[in-house]
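One structure is given here, and the rest of the page talks about it.
So that the names make sense, note that chain A is the first sequence line, chain B the second, and so on, each numbered from 1.
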Amino acid sequence: MDPKESQERLLDYLYGEMSPLDRHSFKKELEENPDDKGDLVNFLQLRQMVTEHLPNQKAPKHLTKKLFAELGIRRPWYEFFTTGFIRPALTGAMVVALTLGVAYQVSRYQDHKEVVVKRDLPAPTLARINPTLRKYDNMFLANRAPVQPILRVPVRRVSPGFQSYQPRSLVSLAGLGQSANLGPQASVGIPEPEIEKLEIQAQQAVGQFMHRQAIRMRAMGEFKAAADHLGHLIKTYPFYPLKLEAMAQRIDCLFKAGEGELARAEIKILKNLSPNLAFLMERRWGQ
Amino acid sequence: MGIRRSDEEMMVAFQEGDVSSFEELVKRHRHGVYNFIFRFLGNRETAEEVFQEAFIKIHRASQSYAPNGKFTTWLYTIVRNQCVDTFRRQKIRHAISLDGNGKEDETKLSDTLASEDIPPDVLSSAREIEQVLEHALDKLNEDQKEVFLLREKQGFKFEEIADITGVSVNTVKSRMRYALEGLRRTLKQSRYRELLENREK
């Protein structure tokens, strides 16, 4: 082999620029060529010396700053806080002061924070409403701004699969007092609109209570009892906001209880009130 | 933070006006570039000047960078050209002069190296061994030195070195071979091995 070519191959081998196949064959050639082998060993030792005793020099820090200044490149804002000795100390002191200040404010806030306790007010029964309204018999209280009793009526989906709908607006408030069975004494000293409002709220609350009971029964497989309960709800509280949903659930329970004929009849009633809901029920029960 | 962009992507971003990309490129390559310049020229002050000039040139010539090429090849082409120009212009000597710095009682390092009777304690420190190597490197001509430094210190392949220096791969390998042989010869004359053994003892 040409000595020059041999040396070039030696360099390729030395610096790992040879394919694995070539490396393998070259190793065999080295065994037969002691001069090249000697050169390889020497070069390897030389490389090791250079690596160990000729370390890489790092660029001084000021070089970069000087370069950026020369090029008109602004240094990063945080560099102001990281250079020198005093600046980092000042920065550290500022951070500590800020942290203490925030911690102090947070602790003050937590001491004086009003804890809001959410109470789920029990659904007011008729017996409960009467004592509430009785205080309005007091003429003194009647002259003051009326107190709005807060009855929490959480809105939730009581029946999966049914699309939520907006409760129909109440078009007639006639006979509400009688239907709610609040008694004659309840209206003494209270403005009429206020009574109506209270009755609506009472209906909502009681209706919801009954609705929840029916759902529980249905979940436990007591379809007949749930259907009866829902029927009672619909009949007693015609202005219950989720009345249509309750009707649909009653239909569902009737089918499951084996009273298909009654259920189909009620679908027809539901069609007059909510065609879409009736359609859903028909589709669900294969009508 | 986030995914590290390649040098080529950052250079393209700089070409489009993102100065922070240039800053990042400087930070990534400053040590490698400085090391090459310093080892090539052998003088710290001159290396700092050439470092500045090289990066200023890179900053101004950014539009000449072709995105399909490797950034480091383009970078070191400019740096190498700057080093060669400076070397030829000023004919730099080693900061630690081999001819002494004027003190009469100081033994000249070159005399020490040439002598057969080298006191073992003269070259016992790592810094002194480094000086021997620097001297050996300094004895190479600029073509051999640049090839040696680009391969040994910067890790470029022979093909890349050929692109940087503008010669063929065979010429690069030939220069490398001469560089290795030259270093070996110089170190052998300085009885480097014996001194290294003494130090280790």
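- Heavy-atom distances place the side chain of Phe22(B), and not its backbone, under 4.5 Å from chain A.
- Your options are Ile37(B), Val19(B), Asn170(B), and the one with the most heavy-atom pairs under 4.5 Å with chain A is Asn170(B).
- Taking chain A as the reference chain and counting heavy-atom pairs below 4.5 Å, the highest number among Glu181(B), Arg60(B), Glu159(B), Arg151(B) is found for Arg151(B).
- Heavy atoms closer than 4.5 Å to chain B are found nowhere in Leu10(A), neither backbone nor side chain.
- For chain B, the nearby part of Glu17(A) is the side chain; its heavy atoms alone come within less than 4.5 Å.
- Using a 4.5 Å cut-off between heavy atoms, Leu137(B) touches chain A through its side chain atoms alone.
- Contact of Tyr15(A) with chain B is made through backbone and side chain together, with heavy-atom distances under 4.5 Å.
- For chain A, the option among His59(B), Glu152(B), Arg30(B) with the highest count of heavy-atom pairs below 4.5 Å is Glu152(B).
- When only modelled atom types and interatomic distance are considered, Tyr76(B) and Gln154(B) share a side-chain donor-acceptor pair under 3.5 Å.
- Interface check for chain A: of the options Gln52(B), Met176(B), Arg184(B), the most heavy-atom pairs under 4.5 Å are formed by Gln52(B).
- Using a 3.5 Å distance cut-off with no hydrogens or angles, the side chains of Ser20(B) and Asp18(B) do pair a donor with an acceptor.
- Of the charged side-chain nitrogens involved, none lies within less than 4.0 Å of a carboxylate oxygen, so that Arg9(A) and Asp36(A) do not count as a salt-bridged pair.
- Below 30°, between 30° and 60°, or above 60°: for Phe71(B) and Trp74(B) the angle between ring planes is between 30° and 60°, a tilted geometry.
- With chain B as the partner, the residue from Leu63(A), Thr64(A), Leu46(A), Asp12(A) showing the most heavy-atom pairs under 4.5 Å is Leu63(A).
- The shortest side-chain heavy-atom distance between Phe55(B) and Leu75(B) falls under the 4.5 Å cut-off.
- Residues Glu5(A) and Arg177(B) are not paired through a salt bridge, judged by the lack of any N-O separation under 4.0 Å between the basic side chain and the carboxylate.
- Under the 3.5 Å distance criterion, with hydrogens and angles disregarded, no donor-acceptor pair is assigned to the side chains of Arg175(B) and Thr165(B).
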